[in-house]
Chemist: 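Below you'll find the structure I mean.
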Amino acid sequence: MSNELIRLKNCFMAFDNHVVLNSINLYIKDREFLTLLGPSGCGKTTTLRIIGGFQTPTSGDVFFDGVRINDVPPHKRRVNTVFQKYALFSHMNVFENVAFGLRIAKVPEDEIKKRVTETLRLVNLPGFEKRSVNSLSGGQQQRIAIARAIVNRPQVLLLDEPLGALDLKLRKDMQIELKKIQQQVGITFIYVTHDQEEALTMSDTIVVMNQGNIQQIGTPTDIYNEPKNAFVADFIGESNIMSGVMREDYVVTFSGHTFRCLDKGFSTNEPVDVVVRPEDLRIESPENGALRGIVESVVFKGVHYEMIVRTPAFPFLVQSTLYRAVGQEIGLSLTPDDIHIMRKTKQPDAQIAPSPDTQAASLPGSQAEGA
Amino acid sequence: MSNELIRLKNCFMAFDNHVVLNSINLYIKDREFLTLLGPSGCGKTTTLRIIGGFQTPTSGDVFFDGVRINDVPPHKRRVNTVFQKYALFSHMNVFENVAFGLRIAKVPEDEIKKRVTETLRLVNLPGFEKRSVNSLSGGQQQRIAIARAIVNRPQVLLLDEPLGALDLKLRKDMQIELKKIQQQVGITFIYVTHDQEEALTMSDTIVVMNQGNIQQIGTPTDIYNEPKNAFVADFIGESNIMSGVMREDYVVTFSGHTFRCLDKGFSTNEPVDVVVRPEDLRIESPENGALRGIVESVVFKGVHYEMIVRTPAFPFLVQSTLYRAVGQEIGLSLTPDDIHIMRKTKQPDAQIAPSPDTQAASLPGSQAEGA
Amino acid sequence: MHKKALAVPYIVWMAIFVVAPLILVVIYAFTSKAGAFTLENFSGMLQYAGIFGNSFLLAFFATLICLVIGYPLAYVLARESATVRKIAMIFIMLPMWMNFLLRTYAWMSILEDTGLFNRLLSFLGLPTVHLINTNAAVVIGMVYNFLPFMILPIFSVIEKIDRSTIEAAQDLGANGMVVFRRVIFPLSLPGVLSGITMVFIPAVSTFVISKLLGGGMTWLLGDLIENQFLGNVYNPHLGSAISLVMMVIVMVCMAVMNRFGEGEEGAVVL
Amino acid sequence: MHKKALAVPYIVWMAIFVVAPLILVVIYAFTSKAGAFTLENFSGMLQYAGIFGNSFLLAFFATLICLVIGYPLAYVLARESATVRKIAMIFIMLPMWMNFLLRTYAWMSILEDTGLFNRLLSFLGLPTVHLINTNAAVVIGMVYNFLPFMILPIFSVIEKIDRSTIEAAQDLGANGMVVFRRVIFPLSLPGVLSGITMVFIPAVSTFVISKLLGGGMTWLLGDLIENQFLGNVYNPHLGSAISLVMMVIVMVCMAVMNRFGEGEEGAVVL
């Protein structure tokens with residue numbers, strides 16, 4: 001509690017009878033890199049905008065350093081934002097963009113010059129002062145947006161999917177750079193993304209959200225290794241998610257077999273969700289595996305192969321550096337700590353997305369017409 | 001050669017003295033899934049547009065089924081395109097959008113109805129006929145764009161970064177679905193992307209491009225395991241790329257040590273690029289490693305940890321399921337087949353991107369001002 | 001929040017500023033010179049049926065010609081480079097910088113029996129035509145003066161049509177004609193409708209053009225109204241009544257057209 | 001490619017259609033009634049210096065007032081919901097649907113010594129003012145007639161300013177006033193410039209307004225030109241010359257203003 005900087009208390013938000021935030025509670029520590037992670041429409045951006053002061057919660061309170069700031073307008077908050085689409089001032093050059101906040105704070109001119117120059121060096125764009133912002137590439141504009149925010153030395157930097165518009169390669173470089181900038185300037189970063197890899201790479205703390213509710217808060221390792229429910233498990237990485245039944249403490253049945261596991265405290269025969277990570281399934285000879293199935297597809301992913309192995313009860317996604325040909329029969333083994341047991345939750349309505357197994361449509365016809 | 005469908009011969013393209021395509025040669029086989037992969041501005045979209053007929057090469061020829069089609073306008077090519085931003089007809093409903101090509105081909109009305117219904121089922125949007133395209137989500141619009149193209153049973157489907165605007169999770173689902181659709185309709189897909197994972201997942205053949213030149217053509221495994229040069233190695237996956245010297249056949253010196261390798265045919269003491277994949281470096285005790293270094297940073301990536309291990313000569317990127325704390329001294333070992341040797345190429349001018357090692361800027365000041 | 005509180009009385013005040021004169025016109029139309037309520041101003045309206053008919057007919061033709069000339073021009077321009085577009089726009093706007101009377105007068109001397117146009121015809125060995133002081137001359141004057149109002153809205157709508165939408169249509173087998181008919185034209189309809197509105201309304205009520213180019217032979221509504229306000233008759237009450245009736249007819253026309261425009265593609269007045 | 005080949009003669013033809021009358025005007029201005037080249041039409045211009053001065057002054061004030069009234073309105077509207085915007089736009093455009101003469105006439109009866117305005121003043125216990133047949137009345141008429149042309153371009157530019165740009169400025173410590181001064185206003189300048197152009201040009205050359213509301217007391221350029229074309233004097237050559245000079249002065253004004261607008265932010269005519 002000693003270094004708690006921001007607290008959201010029962011923040012509830014609704015537009016037109018549509019609940020966007022469902023009474024969330026969250027505190028953010030000083031100097032941590034916290035990521036709000038979730039699919040579009042989960043409320044993560046709304047949460048960020050409430051902290052930035054651009055939206056006021058319908059009910060609930062926001063505290064900053066112990067002081068309630070619900071009614072403090074954005075320009076009086078010691079928080080700066082990097083907007084999703086940069087939102088640079090197109091009528092000013094790079095220098096004036098970065099100097100904007102300093103000029104408003106009436107910082108002396110030579111101090112402004114010094115700080116802008118230093119900050120442009122920090123974001124790896126030294127000498128760009130006189131450039132027009134419209135002439136910059138996406139990655140450069142992104143870095144000017146960051147410079148414009150951090151030059152004011154805010155206590156908190158809010159970042160709203162800042163890398164969404166960049167190429168994959170550039171995005172990975174910027175991830176490293178953002179983390180480095182955060183460590184150098186030593187301030188709190190609150191980061192919004194829908195990219196779970198981004199979240200894992202950069203964060204000290206991840207807040208997984210869905211449909212206006214916080215699903216889980218924890219370190220990347222917590223979230224990945226101990227997802228609290230099927231949604232988190234599925235969102236934070238590829239997973240095999242099955243229905244199962246807890247026979248007794250440490251014993252679970254799923255996929256037609258009974259396994260030892262590490263979980264207890266469920267009632268007898270309680271239905272549960274069982275999650276197994278694809279990289280935790282080990283390929284064995286058919287005789288040695290706890291499960292036995294046919295390789296249905298193999299995709300080369302670089303570091304590993306990704307296979308779908310169809311067992312009588314369930315098609316398992318398996319990641320392995322070993323190659324097995326399509327059609328081959330293999331065994332799969334798994335240890336008790338590879339099995340994650342979760343209480344059943346009401347499954348949130350998924351967005352309409354393809355489910356590979358319900359696909360039974362035939363072709364719209366053969367290729368008959370002549371060229 | 002028997003099933004060659006499309007051939008680009010010395011295709012050269014320049015706008016305003018800026019070379020976009022530098023005499024590329026490429027052939028595409030019938031029914032293959034070919035991906036054009038490269039960073040923005042590498043010429044991949046131009047290549048696609050030349051095949052689609054939207055651009056005519058400055059010089060060079062395009063052949064389709066052996067016939068030169070340079071001057072055939074787009075509406076006479078048996079090729080359909082899925083555009084990057086969908087390009088749906090906003091004044092028509094879903095049915096009319098999908099039926100557009102069929103109506104132009106004067107297909108009978110009941111046949112149109114049948115094929116549109118079938119195709120909407122194929123893309124998992126049955127019953128969407130009467131919807132307005134403006135009311136659909138990004139993923140749904142994307143699938144209507146695919147339906148609108150494949151309902152015409154083209155011989156080739158061109159896809160221009162079709163998943164770029166979608167959320168990560170949805171993108172992964174669509175990758176699987178696209179691949180499935182391609183197998184079901186059994187036509188050639190030419191796919192443009194900057195996402196190497198997308199390319200590895202879906203393609204039969206990958207064409208890596210940079211600055212208007214083809215860098216390498218091959219299967220995903222070829223490209224990943226045997227990159228032809230440092231650019232490909234870097235672009236297709238995270239890599240440690242170092243300068244080295246070939247002492248003699250099968251012997252290479254880099255990072256201050258000499259290693260056995262599998263490559264030969266270089267002149268004595270020829271300078272080369274050496275690529276080592278981060279997942280190929282194995283963590284050992286400091287005494288046992290061929291290289292010895294200090295862990296500088298650790299990032300949890302879900303499946304593995306990603307560490308930067310600073311050796312006296314080079315900071316190695318290492319991916320391992322083993323955790324080592326920051327500051328710990330460790331050893332790294334690697335086998336001859338982990339070492340990839342490449343001839344030096346003129347390094348293409350990289351776009352201005354952050355290079356972690358040249359970063360020496362100091363902070364723009366400490367956090368002094370009061371709240 | 002407090003910004004809105006400030007805005008409300010401001011908007012109310014503006015509404016009064018805008019609406020007060022309109023209400024006054026309505027009052028005028030329903031009162032006699034003595035100020036008493038009367039329907040007399042409307043009851044005599046039938047005698048002007050010919051003028052109404054003529055005005056709407058000429059305005060209709062002028063609008064139609066503006067559409068036929070202006071649409072292709074807007075279409076061609078919207079596909080040109082930025083430089084060509086800019087230059088063309090300057091050309092199109094150029095006459096607007098010149099006094100309305102002046103440019104209409106210039107047409108008078110072009111269309112005269114011995115004017116530029118007939119001299120050009122003679123030069124080419126063609127028979128001359130009598131244009132000045134005919135309805136044709138009035139329509140030409142209207143087209144010249146109001147054409148920019150047709151071109152601009154159509155141009156700005158076509159310019160905004162995404163290039164890739166057109167490429168998608170080509171890709172699906174549509175040749176140039178089909179792309180236009182099934183994609184570009186339907187998408188440009190809002191511009192066409194606003195262009196028609198912006199040409200038809202001033203064309204119906206113009207009075208200078210008919211005076212100069214029509215030679216006062218055929219009276220139009222504009223002349224009739226002007227005569228009530230600036231002319232010898234001076235009867236603003238009748239003038240207001242005529243204007244009101246004209247406004248109502250115009251509004252009905254536009255409403256009908258918009259209804260068509262929203263319906264089936266291609267069902268527009270064309 | 002062949003499309004362009006078709007477009008070229010079409011554009012040339014349109015250029016002739018547009019430019020021919022303009023050239024004719026220039027020819028008129030430099031010829032006598034007999035058709036001989038002369039500079040006489042220009043040499044006598046100095047005697048109209050007073051009318052020129054008056055016209056430009058009144059147009060300047062009308063433009064300024066339109067800007068002062070129109071900018072806040074456009075600004076407020078651009079931030080309103082789509083429904084409010086739509087309704088407000090209908091209100092703003094409403095007078096345009098009414099005959100120009102008619103709405104000006106309505107103002108005449110509002111501004112009369114015993115008109116609506118003075119009656120309102122009396123009712124409020126304030127002294128009445130003499131407005132009709134003064135320059136003030138003419139300016140009011142201009143403002144009323146041309147205000148929509150100021151509001152629309154400013155509105156459409158402000159409407160397009162990205163909401164997040166404004167949020168970014170707030171985020172960086174700018175309060176409402178600073179956001180406006182440093183971000184919104186500079187970004188809205190193109191709209192302001194086009195609004196000024198669209199009000200000033202017709203205001204300089206209007207003739208009906210001064211006739212009805214100014215009572216013919218002060219002649220404006222529009223009246224002077226009308227008199228050459230439609231009036232008793234009938235001297236189109238002099239009329240053309242006056243118009244040309246007016247056009248040149250207007251263009252110089254606009255060029256100077258645009259130059260300022262491109263320079264430092266805030267250096268505009270405000």
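Basis for what follows: all heavy atoms, side chains included, without hydrogens, waters or symmetry-related copies. Residue numbering restarts at 1 for every chain, and letters A, B, ... go by the order of the sequence lines.
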Chemist: Are more than 12 heavy atoms from other residues, nucleotides or ligands located less than 6.0 Å from atom CZ of B/Phe54?
Modeler: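 Check passes, neighbour count above 12.
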Chemist: Taking the side chain as every heavy atom from C-beta outward, state whether C/Leu172 and B/Phe89 have any pair of such atoms under 4.5 Å apart.
Modeler: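 Counting from C-beta outward, C/Leu172 and B/Phe89 do come under 4.5 Å.
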Chemist: If every non-hydrogen atom of B/Phe100 is compared with every non-hydrogen atom of C/Ala174, which pair is closest and at what distance?
Modeler: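 Closest pair (atom of B/Phe100, atom of C/Ala174, distance): CE2-CB, 4.1 Å.
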Chemist: Please check if the number of heavy atoms outside C/Phe61 that lie under 6.0 Å from its CZ is greater than 12.
Modeler: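 Atom CZ in C/Phe61 is not crowded, with 12 or fewer foreign heavy atoms closer than 6.0 Å.
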Chemist: What are the two closest non-hydrogen atoms of B/Arg148 and C/Ala168, and how far apart are they?
Modeler: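 Answer, listing the atom of B/Arg148 first, then C/Ala168: NH2-CB, 3.4 Å.
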Chemist: Look only at the side chain of B/His91 and the backbone of C/Arg182, and say whether a donor-acceptor pair between them is shorter than 3.5 Å.
Modeler: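 Yes, because the side chain of B/His91 sits within donor-acceptor range (under 3.5 Å) of the backbone of C/Arg182.
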Chemist: Would you check if C/Glu167 and B/Thr81 make a side-chain contact, meaning some heavy-atom pair closer than 4.5 Å?
Modeler: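 SC-SC contact between C/Glu167 and B/Thr81 ruled out.
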Chemist: Is B/Asn80 reaching over with its side chain to a backbone N or O of C/Asp171, donor-acceptor style, under 3.5 angstrom?
Modeler: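 Flag set: sc B/Asn80 to bb C/Asp171 pair under 3.5 Å.
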Chemist: Hey, could you give me the CG/CZ distance between C/Asp162 and B/Phe83, rounded to the nearest 0.5 Å?
Modeler: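 One gets 9.5 Å once the value is rounded to the nearest 0.5 Å.
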Chemist: Taking atom CZ of B/Phe12 as the centre, report whether more than 12 heavy atoms of other residues, nucleotides or ligands fall under 6.0 Å from it.
Modeler: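 Result for CZ/B/Phe12: enclosed.
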Chemist: What part of B/Leu102 lies closer than 4.5 angstrom to a heavy atom of chain C: side chain, backbone, both or neither?
Modeler: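 Interface part for B/Leu102: neither.
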